[in-house]
Chemist: 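Structure in structure tokens, see below.
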Amino acid sequence: MIILVVLLPLILGMIFLSFFDMRKELYLPEKIALSFMVGLGLLTVLMFLLSLMRLPLDRNTIVACSALIAIGGAGFLIRGGRSPFSPADLKIKLKLSVIEWVLLALIALKVLYVFFVALIKPVIDIDAISMYSAGAKAIFYAKTFMTPQIFSMIQDKPLFAYLSQAWVLIGLGDFNDCLIKIFGPIIFLCLLISFYSVLKRSFDNIWPAFFTFLLSTFPFLVFHAATAYVDLPQTAYYALATIYMYAYLKNNDKSGEKYLGLGMALLGLSIWIKRGGIGLAAINLLILLIYSFSHHKKKELKKLFSPLILLFLLSLPWLIYNQALNLLGSVGAVVAGAAAGQPAVAGSASNIEIVFNTLLRKIFLYADWHLLFVLFLAAVILCFKKAFRPPLLYLLAIIILDLTAIFANFSFTSTFQWILDGTLLDRLVMNSVPVILYFCAEAFIPFLQDKDAP
Amino acid sequence: MKKFYREHHQKINYLLVGGWNTVFGYLAFVALYYLLSHRIHYLLILFISNILSITNAYVGYKSFVFKTQGNFLQEYARFYIVYGAALVINIIVLPILVSLLHVSPVAGQALFLFLNVIFSYLGHKHFSFKTLAVFAFVAIAAVASAQDNLITEYYGWKGINPQSAVEVKGENIVLDSTGPFAGFFNQKMLSVILEERSLLTFEMRVPEGRIGNLFWSNYLDPRFSQQRSSSFYLGRPGVWKKYYINLAQLEKDSSRVDYLLIALAQATGRIYVRDLEIKNGSLWEKGLAGWQEFIGPKGREVMGYTINTMPSPELFGRPITVYLNWAIILLVLGSVSYHSYLHVTNHSSVEKNLHQIAKFSALSIFVLWIALEASSLFSNWINLKNDLPLLGKNIEQKRAIVNGGDFYAFIQFCEKNLPPDVTFDLVMPQTYQDIKAVYYLIPRKYQKGGEYRLVYEGEMARTDLAGYQVLHEFRKGALLYRKKT
């Protein structure tokens with residue numbers, strides 16, 4: 001049954017990805033990795049819709065509905081002559097240098113470690129239990145997320161973690177709190193594969209493998225890949241959405257547009273994972289609009305139409321269902337606060353200082369990210385010509401806005417309380433970490449690969 | 001201006017004396033080079049000029065910058081270690097500049113001097129003129145030191161819980177522990193001044209357990225706290241292992257230690273401790289303390305909020321990343337100075353130099369990153385070892401192991417006796433057990449004042465049980481109640 005649990009999202013994702021017609025634009029392992037990630041997100045949306053329609057979230061219903069969608073989608077694809085794969089996929093190219101093999105072996109070792117540590121033991125992290133796994137177990141028994149007991153567990157949090165973990169239990173037909181974590185290691189693997197593939201398309205040397213190795217070493221990322229927590233999926237979906245969006249900014253042609261579509265799909269699905277996903281998506285959209293306005297304007301804006309529709313189609317069900325209500329509630333609270341003469345937010349110089357110090361200490365002195373932020377600083381300072389010119393400038397702007405948003409969130413809102421016990425900051429920084437590493441790769445590889453390259 | 005000088009006089013004096021030393025050292029090298037280069041190799045000239053400049057620098061720094069009263073020979077010897085390290089680097093770098101890059105020895109030495117100033121300031125500030133030797137990388141020569149064996153009845157060693165008995169038997173402290181936590185502390189003050197003695201050493205033999213903790217405090221604030229503690233991995237069961245803890249480097253707030261507490265989790269049985277001492281300690285022993293600290297549980301084991309943050313392993317009381325960041329800064333500065341020199345002498349293009357600096361900097365960071373990753377792999381290995389006992393167990397057995405004690409057996413007992421559609425309430429004083437109970441007992445619903453009440457280790461909550469009657473008893477202190485009808 002575990003095969004069904006993994007295979008169903010994979011098939012859904014493959015059908016969906018085929019609509020982008022990216023036979024030549026993606027490598028085979030990358031197609032599989034992205035199919036899984038997109039498919040898992042779609043499965044979550046499907047389960048949400050089924051529950052809204054009062055259909056029971058059991059194995060038969062989910063498999064039957066998925067099969068219907070898959071068959072319908074496949075029909076469209078066959079009529080249009082599209083498939084997710086190309087004949088070129090069958091030609092296996094393994095021309096790698098010895099160093100690349102060594103690096104890939106080290107990455108494989110880390111991935112095996114993550115799978116082992118995740119699957120050998122039940123969920124033990126208390127936050128993972130109380131926030132997500134308990135909710136998933138309740139959905140498994142209730143066959144819906146719409147009961148008062150489950151509402152009290154979920155509150156206003158997006159549903160990805162609950163529904164994806166519930167799907168594991170529903171697919172297995174049993175409460176297994178070891179296998180409930182299976183998507184963490186798989187998403188970690190998908191992130192590594194996609195990261196490597198994107199870099200490999202730009203740089204055909206050992207450095208893509210090396211930077212992917214660096215990505216596999218972050219202790220905090222590795223730790224989260226083996227828990228049933230929600231920050232790793234958020235990181236993977238958001239980071240890949242940003243990296244594929246950057247592929248469009250870098251290469252504004254037909255294939256670039258396909259990458260943009262893929263990026264927007266991942267960005268739309270990332271909104272289902274954490275509330276913070278909305279803010280991150282807004283930052284990416286802002287940069288995308290700035291890019292489009294600064295390039296040919298009308299023509300560029302037209303190109304955005306389909307990807308943005310896709311983004312909204314994927315995210316709107318959740319936004320309408322939950323976030324709009326929250327927004328109204330928040331606006332109401334702000335208006336009420338203003339009427340009473342109270343400031344909407346409270347920030348002070350001492351808060352800013354504490355947040356700034358903590359942020360610097362956490363990113364430079366903790367084990368979470370090894371030497372990533374030193375590398376990032378070096379990239380910005382030493383590769384300033386590349387870093388401050390488009391297209392890399394757009395990626396830099398996204399990173400700076402992401403970090404500024406974290407800083408502002410802690411400094412000027414009640415989130416400040418969480419900085420003192422250190423429960424949130426590192427997890428928020430994690431969302432941008434693969435993007436920062438990708439930025440470093442883009443900045444440094446031209447210097448590293450060629451002796452005379454400027 | 002005066003205020004500025006008062007606040008920064010040490011750095012200003014250092015710059016002045018350093019400037020003079022640099023000029024003196026360089027002139028000594030140049031003079032000797034022009035006098036002797038046709039007779040002896042330039043590296044030998046470098047060596048001789050270094051002896052002259054080290055002696056000159058020692059006098060200057062001692063008299064005008066650090067103004068210490070320390071032992072002349074000891075300081076001079078330490079001074080050589082700092083300069084010796086610089087000399088070793090100089091001996092490596094100068095031939096590279098001369099042979100590979102075809103720079104003249106005189107010009108090459110000028111380039112090297114820039115780096116040397118930065119390196120030696122850090123070295124002297126933290127090592128040569130510090131009364132306490134805090135660095136211990138290489139020197140093995142043990143220094144005879146004052147010692148004080150603390151295993152006497154005078155200090156009144158006592159167990160941390162009533163179940164454990166502590167006795168001083170000959171040269172050993174013997175602790176019989178029956179509970180899950182064991183430990184002992186002294187009741188009479190030790191009065192240890194850390195400037196005089198700072199290295200705590202002891203040997204311990206434990207029947208089981210993985211991690212031990214040392215806490216310390218003083219009469220001003222006698223509470224034991226996480227801030228004043230150091231953790232260490234325990235040796236194999238039944239085997240003596242020696243532990244080294246450098247209190248001077250871990251203690252940031254105070255200069256004295258009066259009370260010690262050695263505590264062990266999950267170690268029941270008879271525990272022996274011998275040779276418990278606080279002494280001056282040799283460089284070698286302080287090096288061992290640093291090594292045990294680095295490979296110890298801090299930054300490797302899941303403690304508290306590790307799901308949200310991961311501290312770095314520490315060395316000499318500081319996160320290991322501090323040293324690496326400094327190393328990177330020095331390497332990048334070195335690369336910048338070298339390429340600036342190339343730009344001035346060879347008129348090489350700025351673009352090309354920037355390219356080389358970026359490349360060198362990235363490669364330096366990668367090398368140190370890989371070193372950090374090696375440390376992470378060690379942490380991964382520890383995790384793996386901890387999880388290996390779960391291999392081959394079924395899901396119920398795994399839950400029982402990860403929850404410890406008989407908590408999960410109690411949950412299974414409740415599952416068997418509770419219908420699936422009922423509400424229940426909990427009396428579980430231990431942190432997080434309530435959350436786990438709610439999770440394991442789904443689809444049964446948790447509700448305050450529910451139909452059933454689960455009591456686990458809940459002696460103190462007996463008063464809450466009015467209106468309930470015992471339905472089943474799992475064992476004493478672990479019962480299932482039902483509302484009286």
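Sequence lines set the chain letters: A, B, ... in the order given, protein chains first and strands last, and positions in each chain run from 1.
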Chemist: Rounded to the nearest 0.5 Å, what separates atom OH in A:Tyr132 from atom CG in A:Asp127?
Modeler: 9.0 Å
Chemist: Side chain, backbone, both or neither: which part of A:Leu214 has a heavy atom under 4.5 Å from chain B?
Modeler: both
Chemist: Which of the residues B:Val402, B:Asn380, B:Ile357 is involved in the greatest number of heavy-atom pairs with chain A at under 4.5 angstrom?
Modeler: B:Asn380
Chemist: Look up atom CZ in B:Arg210 and atom CD1 in B:Ile382, then write down how far apart they are to the nearest 0.5 Å.
Modeler: 7.5 Å
Chemist: Between chain A and each of B:Pro420, B:Ala362, B:Pro319, count heavy-atom pairs under 4.5 Å; write down the option with the most.
Modeler: B:Ala362
Chemist: If you count heavy-atom pairs within less than 4.5 Å of chain A, which of B:Ile395, B:Val438, B:Leu388 leads?
Modeler: B:Ile395
Chemist: If you count heavy-atom pairs under 4.5 Å with chain B, which of A:Val123, A:Asp231, A:Val429, A:Leu372 comes out on top?
Modeler: A:Leu372
Chemist: Relative to chain B, which segment of A:Met430 carries a heavy atom at a distance below 4.5 Å: side chain, backbone, both, or neither?
Modeler: neither
Chemist: Is B:Arg300 in contact with chain A via its backbone, its side chain, both, or neither, using a 4.5 Å heavy-atom distance?
Modeler: neither
Chemist: With respect to chain B, which residue among A:Ile124, A:Leu179, A:Leu375 yields the maximal number of heavy-atom pairs within a distance under 4.5 Å?
Modeler: A:Leu375
Chemist: Parallel, tilted or perpendicular: which one describes the rings of A:Phe373 and A:Phe376, with boundaries at 30° and 60°?
Modeler: perpendicular
Chemist: Give, as side chain, backbone, both or neither, the part of A:Tyr141 having an atom under 4.5 angstrom from any heavy atom of chain B.
Modeler: side chain
Chemist: Could you look at B:Leu324 and say if it's the side chain, the backbone, both or neither that has a heavy atom under 4.5 Å from chain A?
Modeler: side chain
Chemist: Taking A:Pro219, A:Cys383, A:Ser130, A:Gly135 one by one, which has the highest count of heavy-atom pairs under 4.5 Å against chain B?
Modeler: A:Pro219
Chemist: Determine whether the side chains of B:Glu301 and B:Tyr233 contain a donor N or O and an acceptor N or O closer than 3.5 Å.
Modeler: yes
Chemist: Kindly assign one of parallel, tilted or perpendicular to the pair B:Trp369 and A:Phe218, based on the angle between their ring planes and the thresholds 30° and 60°.
Modeler: tilted
Chemist: With a 4.5 Å cut-off on heavy-atom pairs, point out which of B:Leu354, B:Asn403, B:Ile328 contacts chain A the most.
Modeler: B:Ile328
Chemist: If you tally heavy-atom pairs under 4.5 Å against chain B, which of A:Asn176, A:Val117, A:Ile129, A:Asp177 wins?
Modeler: A:Asp177
Chemist: Counting only heavy atoms closer than 4.5 Å, note whether A:Leu119 contacts chain B via side chain, backbone, both or neither.
Modeler: backbone
Chemist: To the nearest 0.5 angstrom, please state how far the CZ atom of B:Phe360 sits from the CZ atom of A:Phe447.
Modeler: 16.0 Å
Chemist: What part of B:Leu390 lies closer than 4.5 angstrom to a heavy atom of chain A: side chain, backbone, both or neither?
Modeler: both
Chemist: Which one of B:Ser379, B:Ser376, B:Pro313 has the most heavy-atom pairs closer than 4.5 Å to chain A?
Modeler: B:Ser376
Chemist: Side chains of B:Asn346 and B:Tyr341: any donor to acceptor distance under 3.5 Å?
Modeler: no
Chemist: Test ring-ring contact (aromatic ring centres under 6.0 Å, His included) on A:Phe211 and B:Phe366 and set out the steps.
Modeler: CA-CA 10 Å; A:Phe211 275 89; B:Phe366 295 155; 5.6 Å; yes
Chemist: What part of A:Ala378 is in contact with chain B, defined as an atom under 4.5 angstrom from a non-hydrogen atom: side chain, backbone, both or neither?
Modeler: side chain
Chemist: When you look at CE of A:Met146, are more than 12 heavy atoms from neighbouring residues, nucleotides or ligands closer to it than 6.0 Å?
Modeler: yes
Chemist: Given a strict heavy-atom distance threshold of 4.5 Å, which part of B:Asp387 is in contact with chain A: side chain, backbone, both, or neither?
Modeler: both
Chemist: Ring centres of B:Tyr456 and B:Phe410 under 6.0 Å apart?
Modeler: yes
Chemist: Is the A:Tyr162 to A:Phe140 ring centre distance short of 6.0 Å?
Modeler: no
Chemist: Pick one of side chain, backbone, both or neither for B:Leu368, based on which atoms fall under 4.5 Å of a heavy atom in chain A.
Modeler: both
Chemist: Kindly say whether the aromatic ring centers of A:Trp207 and A:Phe210 come within a distance under 6.0 Å.
Modeler: yes
